[in-house]
Number of protein chains: 2
Amino acid sequence: MDNRAIGVFDSGLGGLTAVKQLMEVLPGEDIVYFGDTGRVPYGTRSKDTIIKYVMQDIAFLKTFNIKMIVVACGTASTVALPVVRDKFDICMTGVVDEAAVCAIEATKNNKIGVIATSATIKSDAFKKKIQTLEPNANVFSQACPLFVPLVENGHFDSEVAMLVAKEYLEPLKEAGVDTLVLGCTHYPLLRGVIQKIMGYDVTLIDVGEAASKHVKRYLEENDMLSPKKEGGKCSYFVSDSVDNFAHLGSLFLERQIGEMVNKIDIEKY
Amino acid sequence: MDNRAIGVFDSGLGGLTAVKQLMEVLPGEDIVYFGDTGRVPYGTRSKDTIIKYVMQDIAFLKTFNIKMIVVACGTASTVALPVVRDKFDICMTGVVDEAAVCAIEATKNNKIGVIATSATIKSDAFKKKIQTLEPNANVFSQACPLFVPLVENGHFDSEVAMLVAKEYLEPLKEAGVDTLVLGCTHYPLLRGVIQKIMGYDVTLIDVGEAASKHVKRYLEENDMLSPKKEGGKCSYFVSDSVDNFAHLGSLFLERQIGEMVNKIDIEKY
């Protein structure tokens, strides 16, 4: 048993979709969430900048009494995690490896689609991981740079969201993928539109859900589960104004945020 | 005569539309451009963060031999410029005041529309300035948060751009504005779409053009024009990867960027 919290961070608020999954899979665990809203988005930054930011995000979370860290950001997981993992003495899990495992389990025709930010797609991290685990898999990747701004402006199922999604997803549909990895934590909010375009026989892999299942297994295997079975608490920290957090955050979490949200200066870490 | 350069900065690459106008209006002037691509966008940040960033941007430009500074960013001009102007001993011009003058000169029915980022619209800076100069003016403001990501992803005249623009502009069209201020330096790249929706009898005010005319007048009045009549050189600095600069920058400047682009660490200033 281990009653320390789980640390979760993202470049912004998207990681809250992973927090939502964690709360469902592990309702007794306390969670400390940091959203780097002052420096969002990471997806368009250079590799050096992303690594610097991620080092600071982890250093901040480590000021709390935490037992593991979930990197709930596709860009940070793919670009920075392989580099920074060895620099800290704490277990970290990203959103790539477990999603790759889930995608391989789900596919029947070995045709797997991956959608994510430009930086994540450019890194080829999902494709490499999937093909390491299953060399016969055909992976079709597509950057969807407008999905994050669409979600952050409330376009979940509008005509505009539909039109943009069609443009991005049509090639994957034509390729005949039967499984699609939503490789960015913002994308579950477009799940309805994506499912409609891809068809209801295509399996969508939510990276936050995949990571949460991995966290549960890891904690079980290492006897690190919380003694509580439910009633886990979540603390929220952001690096810019907290004004919009409650509204937008509630959309990502799909529940009201009652707790206090605190602003910190991430450049100090 | 004064052969020092003009400093120009923006949160990203949008300010290059102002550089383009400066080059046309003052072809002999040297220009030092800084695009804070590592911390773009400013429009979604808090006031304190924007002020901190703008102080650093100005401190960096002041390391060069410059005679004035153009704040080619709507958000920085409205949120930070009034606060930081007195802290530096150099003439600074933003993109608000001159655009307000131009809008009042252009309107015949005293109905003026303003479109900009959420932060700029929230600050009411254009509206206040216009109504200070012309108390009878009716100002209709509209935030267009998706315009910047659309432009940065090459959506200049696509169906998506048209659909998004229609949603934002319809209320301004219905209000009967005869003049529309494009209050963000990205927006001139959507000029075609905006003009089509608003109608060809609506005058569009390009804030970069308005600022450039003001710079010219100021330099003339203070005998600070460059001795050169043409052949001004431009140096480019950014705070993140220079990889995309040449491509995207060329679109904003509407000409090829032949010069070297340098990356700097803006957090040091």
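Values in this document were obtained by computation on a predicted structure and should not be read as measured data. We name chains A, B, ... by the order of the sequence lines, and we start the count at 1 in each one.
- Neither the backbone nor the side chain of B:Glu152 comes within contact range of chain A; no heavy atom of the residue lies under 4.5 Å from a heavy atom of that chain.
- For B:Val148, no part lies near chain A; criterion is any non-hydrogen pair under 4.5 Å.
- Using a 4.5 Å cut-off between heavy atoms, B:Lys47 makes no contact with chain A at all.
- For the pair B:Val8 and B:Leu22, the minimum side-chain heavy-atom distance is below 4.5 Å.
- Of the two parts of B:Tyr53, only the side chain, counted from C-beta on, holds a non-hydrogen atom closer than 4.5 Å to a non-hydrogen atom of chain A.
- Here the CZ atom belonging to A:Phe34 is positioned 8.0 Å from the CG atom belonging to A:Leu61, to the nearest 0.5 angstrom.
- With a 4.5 angstrom heavy-atom cutoff, A:Thr37 touches chain B only via backbone atoms.
- Residue B:Ser158 does not touch chain A at all, counting heavy-atom pairs closer than 4.5 Å.
- Of the N and O atoms on the side chains of B:Asp36 and B:Ser11, not one donor lies less than 3.5 Å from an acceptor on the other residue.
- Note: B:Thr179 OG1 to B:Phe140 CZ = 12.0 Å, rounded to the nearest 0.5 Å.
- Using a 4.5 Å cut-off between heavy atoms, B:Lys166 does not touch chain A at all.
- Side-chain contact between A:Ile205 and A:Leu180 is absent, with no heavy-atom pair separated by less than 4.5 Å.
- Residue A:Tyr42 forms a side chain to side chain donor-acceptor pair (under 3.5 Å) with just one option from A:Thr49, A:Asp57, A:Thr120, and that option is A:Asp57.
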